2 protein chains.
Amino acid sequence: MRQNPERRRALLNAAIDVLAEDGARGLTFRAVDARAGVPGGTASNYFANRSELLLQAGAHVHVRLAPTEEFMARFLDSVPSREQTRLGMRDLLRRVEADRNGYLALLELRLEANRHPGIREELTRTIRWTLEENVRRHLEGGFPGDRNTVVTLYLAMTGLLVEHLTLPDVLTDDDPESLVDRMVAVIVPEGRSAR
Amino acid sequence: MRQNPERRRALLNAAIDVLAEDGARGLTFRAVDARAGVPGGTASNYFANRSELLLQAGAHVHVRLAPTEEFMARFLDSVPSREQTRLGMRDLLRRVEADRNGYLALLELRLEANRHPGIREELTRTIRWTLEENVRRHLEGGFPGDRNTVVTLYLAMTGLLVEHLTLPDVLTDDDPESLVDRMVAVIVPEGRSAR
DNA sequence: CGAATACCACTACAAGTAAAGTACTACGAT
DNA sequence: ATCGTAGTACTTTACTTGTAGTGGTATTCG
């Protein structure tokens with residue numbers, strides 16, 4: 001088993017792109033080699049088997065999709081309001097559009113989770129933590145709405161991203177940005193926090 | 001090319017189950033044969049190639065997931081209210097839980113849509129029509145809320161179903177039914193129609 | 001009523017494809 | 001000089017597909 005961490009990262013990024021572009025069906029060692037631009041057989045030397053590759057790709061996807069520290073700092077410093085929440089959702093949309101493959105790979109991994117308990121645990125833990133962090137920051141920061149508001153927002157945003165990435169022409173009357181705006185307007189109350 | 005419609009339907013149902021259980025990676029003619037309990041080579045005789053199989057499975061999934069006529073009639077006869085909307089969402093959840101594989105296959109097909117324009121068109125057309133029908137019925141029926149309400153509800157419900165089917169333990173504090181209830185409470189205004 | 005025909009189920013085969021794993025050589029860094 | 005890695009090449013295995021061929025059944029026509 002080879003150890004070069006830089007190359008390992010490159011292979012994981014390639015695996016994420018392969019997942020997004022060719023689906024779980026296309027995720028083979030050789031396909032990852034090709035996508036990473038390394039000679040055939042390399043991925044074999046870095047991952048014991050397909051499951052191991054999937055698992056590590058699942059962990060790496062969150063690194064790629066995480067918000068920048070800079071944005072988080074700015075968000076936490078702001079005056080809590082519905083408008084700030086709107087900007088937060090817009091930033092999420094922007095990040096996903098900037099790394100379309102990352103989020104598509106996450107969707108592929110969600111479906112793989114039905115078959116691989118290891119991946120299910122990994123994704124559940126990470127996504128659950130992210131959601132709970134969002135709830136905590138929202139409530140402690142004094143943003144308008146309660147837990148249900150945040151959870152509903154999370155679900156609607158998930159639906160929007162799925163729709164936008166897989167069947168963009170279903171919601172073609174609206175560009176996704178204004179769709180986000182109107183979604184926030186429906187879900188988040190206007191005033192300060194309810195509780 | 002064989003024509004027996006009963007057998008064709010059985011093969012399509014088997015294809016949907018294979019998609020859900022083994023993913024796009026596992027969808028081969030032989031796997032469909034095995035799942036349908038027919039001798040090997042049968043699916044080859046009913047579908048020209050894999051794309052054709054996917055396309056017809058995509059069309060058939062909507063047949064499996066469609067609400068019963070009986071429910072629709074009862075819904076249309078009811079007095080419009082947030083409570084009725086809640087029951088409608090609960091029924092959707094019930095249907096999806098009753099045909100878990102159908103909805104999972106739909107998610108697999110959504111991801112395949114990124115690669116097959118034919119499937120993308122098929123799914124876009126059907127899902128778009130369904131959404132627009134929901135909007136129309138909601139508004140014409142005098143249910144509370146406007147277009148944004150219905151679209152937001154659709155997106156949140158999509159997110160909820162994705163979450164519930166792929167990573168059920170992310171939202172484990174709440175059983176999905178009460179989650180639906182609270183989601184509707186957040187999104188749909190209490191009173192009669194706003195416009 | 002019987003025979004012919006058309007369709008289908010099922011078995012079996014043949015060939016092609018691709019994926020995985022590993023052995024081997026060369027190279028570079030320590 | 002040695003250890004770990006890059007890169008190449010080969011072998012083996014497994015899987016998938018497509019189709020030919022056979023036998024059975026239902027339907028239609030004389």
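Atoms considered below: every heavy atom in the structure, side chains included; atoms not considered: hydrogens, waters and symmetry mates. Remember, predicted model here, so these are calculated numbers, not experimental data. Naming convention: chains lettered A, B, ... in sequence-line order (proteins, then strands); numbering from 1 in each chain.
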Participant: Under 4.0 Å, heavy atom to any atom of DNA chain D: which of residues 12-29 of chain A qualify?
Facilitator: none
Participant: Above 12 or not: heavy atoms from other molecules or residues under 6.0 Å from CD of Glu6(A)?
Facilitator: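 No, the 6.0 Å shell around CD holds no more than 12 heavy atoms from other groups.
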Participant: Between Arg8(B) and dC8(C), is there a side-chain N or O to OP1/OP2 distance below 4.0 Å?
Facilitator: no
Participant: Nearest to the side chain of Pro39(A), which nucleotide is it out of dG7(D), dC10(C), dT19(D)?
Facilitator: dG7(D)
Participant: Both Met1(B) and Gly41(B) contact DNA chain C. Taking the nearest nucleotide for each, which residue is further toward the 5' end?
Facilitator: Met1(B)
Participant: Can you establish whether the number of heavy atoms outside Glu133(A) located under 6.0 Å from its atom CD is more than 12?
Facilitator: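 Atom CD in Glu133(A) is crowded, with more than 12 foreign heavy atoms closer than 6.0 Å.
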Participant: Would you say dA6(D) has OP1 or OP2 under 4.0 Å from some side-chain N or O of Tyr46(A)?
Facilitator: yes
Participant: For the rings on Phe29(B) and Tyr46(B), is their centre-to-centre separation under 6.0 Å?
Facilitator: no
Participant: Find the distance Gln3(A):CD to dG4(D):P and express it as a whole number of Å.
Facilitator: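 For the pair Gln3(A) CD and dG4(D) P, the rounded distance is 10 Å.
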Participant: Considering only NZ, NE, NH1 and NH2 on the basic side and carboxylate oxygens on the acidic side, decide whether Arg147(A) and Glu132(A) come within less than 4.0 Å.
Facilitator: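 A salt bridge is present here (some side-chain N lies under 4.0 Å from a carboxylate O).
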Participant: With distance as the sole criterion, do the side chain of Arg2(B) and the base of dA9(C) form a donor-acceptor contact below 3.5 Å?
Facilitator: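 Result: at least one qualifying N/O pair found.
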Participant: On DNA chain D, compare the nucleotides closest to Val38(A) and Arg30(A); which residue's is nearer the 5' end?
Facilitator: Val38(A)
Participant: Does the pair Arg35(B)/Glu21(B) count as a salt bridge with the N-to-O cut at 4.0 Å?
Facilitator: yes
Participant: Asn4(B) side chain N/O closer than 4.0 Å to the phosphate oxygens (OP1, OP2) of dA9(C)?
Facilitator: yes
Participant: Taking only Lys NZ, Arg NE, NH1 and NH2, and the carboxylate oxygens of Asp or Glu, determine whether Arg74(B) and Glu70(B) approach each other closer than 4.0 Å.
Facilitator: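 Yes, Arg74(B) and Glu70(B) are salt-bridged.
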